[in-house]
Every structure is written in structure tokens, then in C-alpha cells.
There are 2 protein chains.
Amino acid sequence: MTGMEESFADLAFDVFARDCPSRPTFEHITGRWGSIALMALDEGPMRFGVLRRRVEGVSEKMLSQTLQALERDGFVLRDVVTTIPPRVEYSLTPLGIETARRLRGLIDFLEGRMPEVLKAQEDYDSAKDA
Amino acid sequence: MTGMEESFADLAFDVFARDCPSRPTFEHITGRWGSIALMALDEGPMRFGVLRRRVEGVSEKMLSQTLQALERDGFVLRDVVTTIPPRVEYSLTPLGIETARRLRGLIDFLEGRMPEVLKAQEDYDSAKDA
DNA sequence: CGGGATCCGAGACGATACTG
DNA sequence: CAGTATCGTCTCGGATCCCG
């Protein structure tokens with residue numbers, strides 16, 4: 001069954017592999033701005049400017065880049081109305097919605113454990129000073 | 001109840017806030033090497049060299065940095081045996097184990113959807129060429 | 001208003017050499 | 001073996017200007 005094993009290995013993505021194609025996509029949704037953009041759009045469709053104000057601290061350039069990556073991966077829809085001034089509405093695809101939900105689960109879990117994390121950091125730092 | 005609301009806001013971490021203290025930690029566990037290191041250590045305790053070979057493509061420096069960050073945050077334990085040559089075993093804390101499990105859920109989900117993502121990327125790229 | 005183009009600094013990252 | 005130190009490269013990300 002060597003043939004089957006090989007074809008299965010082709011279909012199953014190996015996170016540990018240097019060139020696993022899921023790595024870039026994973027970085028898009030967990031990255032500095034990608035994750036927050038997904039969280040924001042999970043609240044509902046939003047125009048660029050509103051999204052920009054919702055995601056504190058992001059520059060126009062980075063938000064634009066982030067949204068393009070998420071759109072290319074199929075997580076985000078971009079709806080353009082070519083008026084003057086232009087309107088561009090962003091929303092989540094079904095895939096984007098489910099991804100955002102799972103991401104929120106991870107984030108909520110982490111935030112619930114943050115007191116524990118902050119305590120660990122204190123211990124680590126004070127142990128290092130000594 | 002203004003006082004209560006404010007103190008609650010202090011305890012509840014706001015992902016959208018520029019200075020949310022959970023952001024750095026989130027990046028440690030979802031980052032390029034952090035996520036893979038957690039996946040690897042979820043398979044069991046491991047020595048530095050073994051871990052390095054398991055996480056394909058990581059340099060000694062980056063693995064060392066990554067593990068230090070994860071240890072400081074309380075996800076990873078570092079057990080040193082000062083012999084010659086030295087032995088250093090890394091393992092997950094209970095917090096690290098639960099985090100790794102949830103991370104694996106997200107990654108498995110994403111990998112299951114990768115065909116969909118790859119398709120979206122093709123469509124996006126071919127639409128752009130035209 | 002929603003970006004694209006450009007420039008620049010800061011930090012990530014890898015390769016190599018060295019130490020306990 | 002398990003790092004640390006140093007260096008050079010390269011990408012990320014912000015600031016600014018511009019255009020439809």
C-alpha cells in the first residue's frame with residue numbers, strides 16, 4: 001500500500017514540513033492584524049474606514065495588505081461601489097465566519113488564562129534577576 | 001456602578017486595544033516557530049536537538065528564542081541536567097498542553113479547509129491577471 | 001474615501017563561530 | 001550538546017505623498 005500512503009501524504013498537510021502550504025495561510029489569520037481584522041468583521045460587514053478605526057493602531061497600508069491576503073485566501077469578501085467617494089464593504093465568507101469563531105475560541109481561552117501568564121512572567125523575570 | 005465597570009474593563013482584556021497585554025503572548029503561541037514548537041512538544045517531552053530536527057527549517061537561535069518566550073509565558077518547562085555534555089529537556093506545562101490542544105484544533109480545521117483556500121487563491125490570481 | 005507608491009528604520013531571521 | 005555572540009540580510013511595518 002505504498003502508493004496509497006504517498007498520495008495520502010500529498011493530501012494531508014504536514015505542519016512540521018518546511019514548505020507546508022498551510023503555513024502562510026495560518027500566518028495570515030493569526031498574524032498581528034489578521035486575527036483582529038477577522039474578530040472585527042465577525043461583528044458584521046464593515047467599510048474600510050470603520051474597520052480601520054475598530055482595529056486600533058493599524059495603518060492604512062497594513063490593513064489594506066492584511067485584507068488583500070485574507071480575501072485571496074477566501075476568508076473575506078470585498079464589495080466595491082465605484083462612486084465618488086468610493087465605498088468598499090468588507091465581510092466574511094462562510095469559511096471566514098467559521099475561522100473567526102474558532103480563532104475567537106483560542107483568544108478567549110488565552111485571555112482567560114492571562115493572569116496565569118502574567119504571574120509566570122513575573123516569576124521568570126524575578127528568578128532571572130537573582 | 002461606574003467603579004465596577006472600570007475595574008472589570010481592567011480585568012477583561014480587549015483584543016482591539018493597541019496595548020492589550022495578551023497580544024505579545026498570542027503572537028508567541030501562533031508565531032512562525034512558536035506554534036510548531038508547541039505542536040511538537042505536545043507529542044511528549046523532548047531534548048533541544050530532537051526538537052530542532054522535528055521543527056524543520058528552524059535555526060538554533062530562533063528555536064532558543066522561541067522556547068525562552070514560551071517558558072517565560074508559562075507554556076513550557078525547561079529541565080536542565082548539568083552534565084557533560086549537558087542535557088536539556090523541554091516539556092509542556094498543563095497550560096501549555098491545553099493551549100497546544102486548542103491550537104491543534106485550529107490548525108487541523110485550517111488544513112481540512114486548505115483545498116478550499118487553494119481554490120480561492122487560484123480564482124483570485126486568475127481574476128487579477130485578466 | 002479607499003487605497004497605491006515610495007522611502008526609511010526596526011526588528012526578524014539565518015549562518016557562522018565560539019563557550020561551558 | 002545546548003546554547004550565546006556577532007554579523008549581514010531581508011521582511012515587516014509606519015509615515016508620507018499621490019491618485020481616482
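By convention in this document, chain letters (A, B, ...) are assigned in the order of the sequence lines, proteins followed by strands, and residues within each chain are numbered from 1. Quantities reported herein were computed from a predicted structural model and do not represent experimental measurements. The figures that follow rest on heavy atoms only: side chains count, while hydrogens, waters and symmetry mates do not.
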Provide, to the nearest angstrom, the distance between the [atom1] atom belonging to [X] and the [atom2] atom belonging to [N].
X     : N      : atom1 : atom2 : result
A/I36 : D/dG13 : CD1   : P     : 11 Å
B/E89 : D/dC1  : CD    : P     : 14 Å
A/E27 : D/dT11 : CD    : P     : 13 Å
A/M46 : C/dG2  : CE    : C1'   : 16 Å
A/R32 : C/dA10 : CZ    : C1'   : 11 Å
A/Q65 : C/dG2  : CD    : P     : 18 Å
B/M62 : C/dT16 : CE    : P     : 17 Å
B/D79 : D/dC1  : CG    : P     : 18 Å

May I have the step-by-step check of side-chain contact (heavy atoms from CB on, under 4.5 Å) for B/L67 and B/L51, ending in yes or no?
CA-CA 10 Å; B/L67 290 171; B/L51 193 51; 3.9 Å; yes

Which nucleotide wins on minimum distance to the side chain of [X], given the candidates [options]?
X     : options               : result
B/E60 : C/dC1, C/dA17, C/dG4  : C/dA17
B/P86 : D/dA2, C/dG4, C/dG3   : D/dA2
A/R47 : D/dG14, C/dC1, D/dA2  : C/dC1
B/K61 : D/dG13, C/dC13, D/dA2 : C/dC13
A/W33 : D/dG14, D/dT4, C/dA15 : D/dG14
A/Q68 : C/dG4, D/dG13, C/dG14 : C/dG4

On a heavy-atom basis, the closest approach of A/S35 and B/F26 is OG-CE2, 3.6 Å

Looking at [X], I'd like to know whether one of its side-chain N or O atoms comes within less than 4.0 Å of OP1 or OP2 on [N].
X     : N      : value
A/S59 : D/dA15 : no
A/R52 : C/dG3  : no
A/T83 : C/dC1  : no
A/Y90 : C/dC1  : no

Salt bridge or not between A/E27 and A/R23? Use side-chain N to carboxylate O under 4.0 Å.
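Looking at A/R23 together with A/E27, the answer is no, because their closest N to O distance does not fall below 4.0 Å.
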
Before accepting this row, confirm whether a basic side-chain N of the pair B/K119/B/E116 lies closer than 4.0 Å to the acidic partner's carboxylate O.
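Salt bridge flag = no for B/E116 with B/K119.
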
A/R78 versus A/S91: any side-chain heavy-atom pair under 4.5 Å?
no

Would you indicate what B/G57 reaches in the nucleic acid, counting non-hydrogen atoms under 4.0 angstrom: base, sugar-phosphate, or nothing?
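Result for B/G57 = sugar-phosphate.
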
